[in-house]
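When a residue number appears, it is its place in the shown sequence, counting from 1.
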Amino acid sequence: VFALIVFACLVGDGYMSRPEDPRLFCIFNHNEDACRYGIGIGVLAFLACIFFFMVDVYFPQISNTTDRKYLVLADLGFSGLWTFLWFIGFCFLTNQWSWTRAEDVYFGADSARAAITFSFFSIFSWGLLLTFAY
């Protein structure tokens, strides 16, 4: 859910334009990489959550212990990696937001703050998934 919120905030209000210039730019200090990073990890985290949920649903029906071991290790590794990537995303978005000038933000400040906040919450939720996989 947190990944979906981050993705939706950045896609919905993460890009804006100036009245005199119709080109869109990222609300985070005009750094396109900040918006792309947040959107990218948000989408991939959401898709991975769907995949691992389906694995959890079918897990009792998997009789091969080797397959079970590899699925659990994949969940463990992915959760660890994504905990780290959400930490990087939180730091990156927070840094870029701190450098954003107030006069450059016409709308979307709440969405930017929400993306930062839910990136922070995602660190702990993926860390909890890492603990459960362990």
Side-chain angles (χ1 to χ4, degrees):
V1 173
F2 294 155
L4 191 60
I5 292 171
V6 171
F7 165 73
C9 287
L10 292 177
V11 168
D13 287 336
Y15 291 94
M16 58 188 298
S17 64
R18 293 188 179 134
E20 66 273 359
D21 189 9
R23 291 181 296 157
L24 293 175
F25 61 89
C26 182
I27 196 170
F28 290 97
N29 196 27
H30 296 228
N31 188 347
E32 298 297 322
D33 292 334
C35 287
R36 285 188 208 127
Y37 186 83
I39 291 169
I41 63 172
V43 169
L44 291 176
F46 181 71
L47 293 175
C49 283
I50 292 172
F51 171 75
F52 285 116
F53 178 73
M54 296 305 293
V55 167
D56 287 342
V57 168
Y58 290 112
F59 195 77
Q61 298 173 356
I62 300 171
S63 61
N64 190 349
T65 57
T66 305
D67 291 343
R68 283 179 157 216
K69 179 178 90 171
Y70 288 137
L71 286 173
V72 170
L73 288 175
D75 190 10
L76 183 70
F78 190 84
S79 296
L81 174 67
W82 238 247
T83 302
F84 176 71
L85 290 178
W86 277 117
F87 175 74
I88 296 297
F90 168 72
C91 294
F92 186 36
L93 292 177
T94 303
N95 182 312
Q96 292 303 305
W97 184 247
S98 69
W99 288 100
T100 302
R101 296 182 313 189
E103 58 268 9
D104 286 343
V105 180
Y106 303 114
F107 63 91
D110 291 336
S111 292
R113 288 186 199 106
I116 291 170
T117 302
F118 284 100
S119 293
F120 180 73
F121 293 156
S122 294
I123 297 167
F124 297 107
S125 65
W126 281 93
L128 191 62
L129 288 173
L130 176 68
T131 304
F132 288 152
Y134 180 72

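The two residues Ser98 and Asn95 have their closest heavy-atom pair at OG-O, 2.7 Å. In plain terms, the two heavy atoms of Ile27 and Thr100 that are nearest each other are O-CG2, 3.4 Å. When all heavy atoms are compared, the tightest approach of Glu32 to Tyr15 is OE1-CE2, 3.0 Å. Taking every heavy atom of both residues into account, Ala114 and Cys9 meet most closely at CB-SG, 3.8 Å. Of all heavy-atom pairs between Phe2 and Ser122, the closest is CB-OG, 3.2 Å. Ser111 approaches Asp13 most closely through the heavy-atom pair OG-OD2, 3.0 Å.
Counted within 6.0 Å of CZ on Phe46, heavy atoms from surrounding residues, nucleotides or ligands total 12 or fewer; the atom is thus considered open. Counting non-hydrogen atoms of other residues, nucleotides and ligands closer than 6.0 Å to CZ of Phe132 gives a total of 12 or fewer.
Follow the hydrophobic side-chain contacts under 4.5 Å out from Leu129 and you never reach Leu76; the two are in separate clusters. Phe7 and Leu47 fall within a single hydrophobic cluster, where Ile, Leu, Val, Met, Phe, Trp and Tyr side chains are chained together by heavy-atom contacts under 4.5 Å. Linking ILVMFWY residues whenever their side-chain heavy atoms come closer than 4.5 Å, directly or via other members, places Phe78 and Ile88 in the same cluster. Leu130 is not connected to Trp86 by any chain of hydrophobic side-chain contacts under 4.5 Å among Ile, Leu, Val, Met, Phe, Trp and Tyr, and they are in different clusters. Clustering ILVMFWY residues whenever any of their side-chain heavy atoms sit less than 4.5 angstrom apart, transitively, puts Phe28 in the very cluster that holds Phe107.
Atom CD1 of Ile41 is separated from atom CG of Leu93 by 7.5 Å, given to the nearest 0.5 angstrom. Of the inter-residue distances, the one linking Cys35 atom SG with Leu24 atom CG reads 10.5 Å to the nearest 0.5 angstrom. Distance check: Gln61 CD to Arg68 CZ gives 10.0 Å after rounding to the nearest 0.5 Å. The CH2 atom of Trp82 sits 13.0 Å away from the OG atom of Ser125 when rounded to the nearest 0.5 Å.
Proximity of Asp110 to Arg113: side-chain heavy atoms (C-beta onward) are separated by under 4.5 Å at one or more points. When side chains are defined from C-beta on, Ile62 counts as touching Leu71, because their heavy atoms get closer than 4.5 Å. Put simply, the side chain of Phe121 does not reach to within 4.5 Å of the side chain of Ile5, judged on heavy atoms.
Here the rule is side chain to side chain contact (heavy atoms under 4.5 Å, CB included) with Met54, and of Phe51, Phe52, Tyr58 only Tyr58 fits it. Applying side chain to side chain contact (heavy atoms under 4.5 Å, CB included) to Leu85 and the options Tyr37, Trp126, Phe90 leaves one that passes, Tyr37.
With ring centers used as reference points, Phe84 lies 6.0 Å or more from Phe87.
Panel note: side chain Asn29, backbone Asn31; no donor-acceptor pair is recorded below 3.5 Å. Checking side-chain atoms of Thr94 against main-chain N and O of Cys91 turns up no donor-acceptor pair under 3.5 Å.
With no hydrogens or angles considered, no side-chain donor-acceptor pair links Ser17 and Asp21 at under 3.5 Å.
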